[in-house]
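Below: the structure, in structure tokens.
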Amino acid sequence: MATVGHRTRFFDHRLPSLYAGRYTATVSESIEGVDTGGTLPDRVQRFDVRQPRFSIAASEVQAVYPVPGAIGTYSQILPHITLDAPALPWARRLKNTEEGVPWVALLLFGEGELPEDCEAAGGVTISTVAKLLDGQAGEGRAPDIDPGSLLPGEDEEACRSIRVPAELFSAIRPEPAELALLAHIREGGPPDADHVRVAGTDPEPVAEDLKAVVVTNRFPPARGGQQVVHLVSLEGFEPYLTGTAPPAEGLRMVSLQTWSFATLPDSGIGFGDIVANLAAATDNLLRLPLNGSGADGDVPQRLASGATALPQRLESGERSFAFYRGPLTATPAQDLPAPAQPRLESAGEALVYLREHGVFDTGYASAFSLGRTLALADAPFRNQLLEFRKTARRALRHLAAKPQLATAARTVRQAADQLNANVQRAAFDRLIHSALPAALARTGAELAGAEHRPAARTTTALPLTAGDLRAQLASAHAREILEEATSDEREPVRKWLTDLSRLGMMPFDHLVPDPRMLPPESIRFAYVDAAWLRAAVDGALSVGVGHALDADLNTLASTVPAPPACAVLIRSELIPSWPRTIITAFTGQDVVEPVHRLRYGSDVLLLLYPRVIDTFTLAEPPQGVHFGIGDLGTVELRSLTGTIGCPVGDFPDPPGFAPFLRPGGRDVLDISGKLAPELAAAHQLASLSPAQFALQMIKTPQMQTFVRP
């Protein structure tokens, strides 16, 4: 099946033809070779280019991440904001900076860092623009903005501001080169096929699909806590971006947008760590640890196949031990000898005696007993099973009394309808509709003088014996008719048995008899023993069997779907902590969907597959386009040529992002000094553009592939 993709492209920036501000256009006229004096005065036209400056509307914000009020582990995420106006971050130009440097920055603060918002809840100071520029909005150096550059009425607008301590701003401030890398344009839309593509070029961007993205340069702390993010204006603070120390009172910065979230303490173990640990096991088969013992001999081979030794009490009262193996096996189950009967009738028939060791293998006998016990414990199923047999016996008697139904009827459905019909009532109905109207039309004298016909004499039918009834079941066509005639009563029995054959109601200790087979933080592959499940089904159908006919009728209900072929068991913190983990299994190149999923407790997941799989993947749930690093301290390098965006390896090697953080313990990226140059070198480039840098910093969902042993 073809999948529909969506295009996501990154662009460096969107520079305006004119930056926001007040402009004067002057037109001068002259005539060559003529002194016009003052007869041709200059014409002067003043105009303003308006753009947000001290506030932006909430409608301008398309999305933020983490979302406001969110609670989660975000210590590997760089918060970002997406703006509907794609040119907004570059609408103004900071003094003494190059083109492409935005006039806004996204700053992250933790609890206790902002004096006026110690709880990091998003508190701001509200004042007019005039009071802000006059230094009356509160402590902190106001932005150095010429009041003459204000547009009419702009000084009376309300604005929000925060005070950032000098030492804190110096520690987290992005340099101009970093500001350029922390903002980009993102285009998301329908597949490229919807655009006219010119050979060798990309389609032109669609304006309505363009959004501006501004990313912070700081990770939330691993210790957790409340965090607040501010989109601040840098206008008027240009000297402090290039190394000039801020004044002791700090800076009074305009907050254009703000939101808060809570990050939980990071244990240092994330999705990538967990799945990498699962993949590190040397033996992923469901069996006891072999501890290097050889596979020679019957006992080691049984243990290697997934069996274990458990205490056993014999019928004589003696205590011994026996081998037990559930329906999940580490190796394909050995074929059993052809049974004397089509089904097991007791647990004793399924006991396997190991003469050379003088002990039993109780696996199949336990399966029979378990199926029988589960059936006895389920009162609705018992009633449904008995009702099915009652209906089947009645239909079988009718079929044996009128064997022509099995040959005269056109279809199995017609024969089944005749078996279920009430013969006496049908005959009476025919009498009412045919003979009674004619009799009522006669007079009394006519009826009295009518000839009386003697009743027809029929030969008394011999009673049907159990042998006669069982003989009917030998015919495949007769069984089809009976299955159709009992379908309503048989279906709930079949459904229950299907659930049983898919391990839906079996206790966990029958599947994993020894905890050492599935220790914490492990993944185990197993085959499914169809004979074991067949024994469990036989045990369930043995309930209420009073004679051989009941046992034969079980054949009609025992046709359950083919059992699963293999299973995967996962016991890990992954199950409760990442419930939306994407799990995919393959046989060759074909994706194999599970036929059943079962949860045991809070941290065990069992997956059953209809075919034996050879590859199995666990992938972190996708969470959109976010920026940050993976659990192992790496980012995924993406191609910048050819198939742009295609993964080409992990960075750095060896893993670990600590060398790319500024000293001081505030989790601030050293982008221009270390990170950006080394990312560029990894691509054999001199430098990266903002779009290229954003492409490398996408936080890719982690994925781990397991190859079946």
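- Ring geometry for Trp578 versus Phe271: interplanar angle over 60°, hence perpendicular rather than tilted (30 to 60°).
- In this structure, the side chain of Trp532 engages the main chain of Arg325 through a donor-acceptor pair within 3.5 Å.
- Rounding to the nearest 0.5 Å gives a distance of 14.5 Å between OH of Tyr353 and OG1 of Thr362.
- Residue pairs meeting the salt bridge (Lys or Arg N to Asp or Glu O under 4.0 Å) criterion with at least one member in residues 561-570, sequence neighbours excluded, do not occur.
- Not a single donor-acceptor pair under 3.5 Å links the side chain of Thr258 to the backbone N or O of Gly122.
- A pairwise comparison of heavy atoms in Val512 and Met517 identifies CG1-CB, 3.8 Å as the closest pair.
- When each of Glu119, His230, Gln227, Gln226 is tested with Ser260 by the rule side chain to side chain contact (heavy atoms under 4.5 Å, CB included), just one qualifies, namely Gln226.
- Taking every heavy atom of both residues into account, Pro513 and Thr308 meet most closely at CG-CG2, 3.7 Å.
- For the pair Ile629/Thr634, no side-chain contact is recorded, criterion being any heavy-atom separation below 4.5 Å from C-beta on.
- No hydrogens or angles considered: nothing links the side chains of Gln692 and His683 as a donor-acceptor pair under 3.5 Å.
- Side chain of Arg516 to main chain of Leu288: no donor-acceptor pair is present (N/O by atom type, distance under 3.5 Å, no hydrogens or angles).
- Closest approach of Gln76 and Asp631 over heavy atoms only: OE1-OD1, 2.8 Å.
- In this structure, a donor-acceptor pair under 3.5 Å is present between the side chains of Asp12 and Ser689.
- Contact annotation: the side chain of Val352 never approaches that of Phe323 to less than 4.5 Å [non-hydrogen atoms, C-beta and beyond].
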| query | After noting the C-alpha distance and the side-chain angles of Phe627 and Tyr65, does the key distance pass the side-chain contact (heavy atoms from CB on, under 4.5 Å) rule? | reply | CA-CA 10 Å; Phe627 305 92; Tyr65 190 84; over 6 Å; no
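- Checked by atom type and distance alone, the side chain of Glu521 pairs as donor or acceptor with a backbone atom of Glu573 at under 3.5 Å.
- The aromatic rings of Phe660 and Phe651 sit tilted, their planes meeting at an angle between 30° and 60°.
- Note on Asp538 versus Arg534: salt bridge recorded, some NZ/NE/NH1/NH2 to OD/OE distance being below 4.0 Å.
- Results of the side chain to side chain contact (heavy atoms under 4.5 Å, CB included) test with Thr216 over Ile172, Leu108, Leu231 single out Leu108 as the only residue that passes.
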| task | Start with the C-alpha gap between Met697 and Val635, add the side-chain angles, then the distance that decides, and say whether side-chain contact (heavy atoms from CB on, under 4.5 Å) holds. | result | CA-CA 6 Å; Met697 293 304 296; Val635 297; 4.2 Å; yes
| said: With salt bridge (charged side-chain N to carboxylate O under 4.0 Å, His left out) as the criterion, how do Glu175 and Arg662 come out once you've worked through the C-alpha distance, each side chain's angles and the decisive distance to 0.1 Å? | reply: CA-CA 13 Å; Glu175 298 176 0; Arg662 294 181 187 174; 5.1 Å; no
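- Put simply, the side chain of Val215 does not reach to within 4.5 Å of the side chain of Leu181, judged on heavy atoms.
- At a threshold of 4.5 Å between non-hydrogen side-chain atoms, the residues Leu533 and Asp529 do not count as touching.
- Looking at every heavy atom in both residues, Ser501 comes nearest to Pro563 through O-CB, 4.5 Å.
- Side-chain atoms of Pro652 and Phe657, non-hydrogen and from C-beta on, do get closer than 4.5 Å to each other.
- Between Leu598 and Phe508, every side-chain heavy-atom pair lies at or beyond the 4.5 Å cut-off.
- Between the CG atom of Leu679 and the CG atom of Leu637 there is a distance of 6.5 Å, given to the nearest 0.5 Å.
- Remark: the backbone N or O of Ala375 is not paired with any side-chain donor or acceptor of Arg372 at under 3.5 angstrom.
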| Val61 and Leu83: CA distance, side-chain angles, deciding distance, side-chain contact (heavy atoms from CB on, under 4.5 Å) verdict | CA-CA 5 Å; Val61 179; Leu83 303 171; 4.1 Å; yes
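- Shortest non-hydrogen contact noted between Leu497 and Ser558 is CD1-CA, 4.5 Å.
- Proximity of a side-chain donor or acceptor of Arg287 to a complementary backbone N or O of Gly306 within less than 3.5 Å is not detected.
- Salt-bridge annotation for Glu356 and Arg302: absent, with no side-chain N of the basic residue lying under 4.0 Å from a carboxylate O of the acidic one.
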| task | For side-chain contact (heavy atoms from CB on, under 4.5 Å), just list the numbers for Leu182 and Leu106, CA-CA rounded to whole Å, side-chain angles, deciding distance to a tenth of an Å, and then say yes or no. | result | CA-CA 9 Å; Leu182 290 170; Leu106 198 64; over 6 Å; no
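- The shortest distance between side-chain heavy atoms of Met505 and Trp496 falls below 4.5 Å.
- Leu574 CG to Glu620 CD: the interatomic distance, rounded to the nearest 0.5 Å, is 9.5 Å.
- Remark: Leu606 CG to Arg571 CZ distance equals 14.0 Å, nearest 0.5 Å.
- Residues Leu370 and Pro507 form a side-chain contact, since some pair of their non-hydrogen atoms from C-beta on lies under 4.5 Å apart.
- Nearest approach of His184 to Phe10, heavy atoms of both residues: CD2-CD2, 3.4 Å.
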Side-chain donor-acceptor contacts of residues 608-619 below 3.5 Å, not counting sequence neighbours, with atom names and distances?
from   : atom 1 : to     : atom 2 : distance (Å)
Asp614 : OD1    : Gly588 : N      : 3.4
Asp614 : OD2    : Gly588 : N      : 2.9
Thr617 : OG1    : Thr584 : O      : 3.3

